[in-house]
Amino acid sequence: MPDNLNYTFKILARDWHKRRAPNLKTVEPVTVDIPNFKQEHNHMCTMIVTYSDNSTKELIARVIHNQLAKRWTVDGMELAVEVVINEV
């Protein structure tokens, strides 16, 4: 794998409103950082999520490679992100 790659993480929407009553004060995830990310299927990593109320949460996450869609995602159960590969 080339060393000249860097990654950004795009937050994937989850439609929980179909199962739960809407909450008037929704706190949305704003940014995600995964300091120990490896582009390796089933790699366990730490996902640090910052929310719209400036709170943060650390999630245990797993890197997933979808061979059919040819895309990488990181799933922290409460939040999932798509890996966007940027060549430098």
Side-chain angles (χ1 to χ4, degrees):
M1 178 175 7
D3 290 338
N4 60 347
L5 298 178
N6 66 4
Y7 306 97
T8 54
F9 304 104
K10 176 184 168 190
I11 298 171
L12 299 175
R14 296 220 172 158
D15 295 329
W16 294 110
H17 70 277
K18 295 178 184 175
R19 298 184 200 130
R20 298 192 177 106
N23 186 352
L24 297 177
K25 293 183 179 180
T26 57
V27 179
E28 300 292 325
V30 178
T31 61
V32 174
D33 186 30
I34 306 173
N36 56 345
F37 172 77
K38 277 189 196 175
Q39 192 176 343
E40 174 184 306
H41 185 66
N42 282 332
H43 172 70
M44 299 301 287
C45 55
T46 303
M47 178 185 290
I48 303 168
V49 185
T50 304
Y51 292 91
S52 57
D53 65 350
N54 289 327
S55 64
T56 60
K57 186 183 260 189
E58 261 189 41
L59 304 174
I60 297 171
R62 181 172 69 109
V63 178
I64 302 167
H65 181 243
N66 183 326
Q67 293 180 346
L68 296 175
K70 304 234 187 290
R71 75 177 196 168
W72 292 87
T73 56
V74 181
D75 190 356
M77 296 298 284
E78 290 181 31
L79 183 73
V81 295
E82 181 177 351
V83 179
V84 180
I85 301 169
N86 305 313
E87 293 190 34
V88 179

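All residue numbers in this chain count up from 1 along the given sequence.
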Visitor: When rounded to the nearest 0.5 angstrom, what distance separates CH2 in Trp72 from OH in Tyr7?
Guide: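 Result: 8.5 Å between the selected atoms.
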
Visitor: To the nearest 0.5 angstrom, please state how far the CD atom of Glu82 sits from the CG atom of Asp75.
Guide: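 If I round to the nearest 0.5 Å, the distance is 13.0 Å.
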
Visitor: Nearest 0.5 angstrom please: Leu59 CG to Met77 CE, how far?
Guide: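 Interatomic distance, Leu59 CG to Met77 CE, rounded to 0.5 Å: 10.5 Å.
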
Visitor: Could you state the interatomic distance from CG (Leu79) to CG (Leu12), rounded to the nearest 0.5 Å?
Guide: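 Separation between the atoms: 8.0 Å.
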
Visitor: Could you tell me which non-hydrogen atom of Gly76 sits nearest to which non-hydrogen atom of Ala61, and how far apart they are?
Guide: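 Minimum heavy-atom contact is CA-CB, 3.9 Å.
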
Visitor: As an exercise, state the distance from NZ of Lys10 to OG1 of Thr73, rounded to the nearest 0.5 Å.
Guide: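 Reported value, rounded in 0.5 Å steps: 12.5 Å.
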
Visitor: Look only at the side chain of Thr56 and the backbone of Thr50, and say whether a donor-acceptor pair between them is shorter than 3.5 Å.
Guide: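 Side chain of Thr56 to backbone of Thr50, a donor-acceptor pair under 3.5 Å: no, none is there.
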
Visitor: Side-chain contact, heavy-atom cut-off 4.5 Å: Val74 with His43?
Guide: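 No, side chains not in contact.
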
Visitor: Do you know the tightest heavy-atom contact between Ile11 and Pro29?
Guide: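 Between these two residues, the closest heavy atoms are CD1-O, 3.7 Å.
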
Visitor: Hey, what else clusters with Ile60 if you join Ile, Leu, Val, Met, Phe, Trp, Tyr whenever side-chain heavy atoms sit under 4.5 Å?
Guide: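 Besides Ile60, the cluster holds Met44.
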
Visitor: With a cut-off of 3.5 Å and sequence neighbours excluded, list every side-chain donor-acceptor pair involving residues 63-70.
Guide:
| residue | atom | partner | partner atom | Å |
| --- | --- | --- | --- | --- |
| Asn66 | OD1 | Leu68 | N | 3.0 |
| Asn66 | OD1 | Ala69 | N | 3.0 |

Visitor: Walk me through it: do Lys57 and Tyr51 pass the test side chain to side chain contact (heavy atoms under 4.5 Å, CB included)?
Guide: CA-CA 8 Å; Lys57 186 183 260 189; Tyr51 292 91; 3.9 Å; yes

Visitor: So, using salt bridge (Lys or Arg N to Asp or Glu O under 4.0 Å) as the criterion, who are the partners of Asp33 when residues are at least two apart?
Guide: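 Here no residue qualifies.
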
Visitor: Can you hop from Met47 to Val27 via hydrophobic side chains spaced under 4.5 Å?
Guide: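 Yes; Val27 is reachable from Met47 via cluster members.
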
Visitor: Report whether Val83 and Val32 are members of the same hydrophobic cluster (ILVMFWY, side-chain heavy atoms less than 4.5 Å apart, transitive linking).
Guide: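 Linked, Val83 and Val32 end up in one cluster.
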
Visitor: Starting from Val30, can I reach Ile48 by hopping between I/L/V/M/F/W/Y residues whose side chains sit under 4.5 Å apart?
Guide: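 Ile48 and Val30: separate clusters.
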
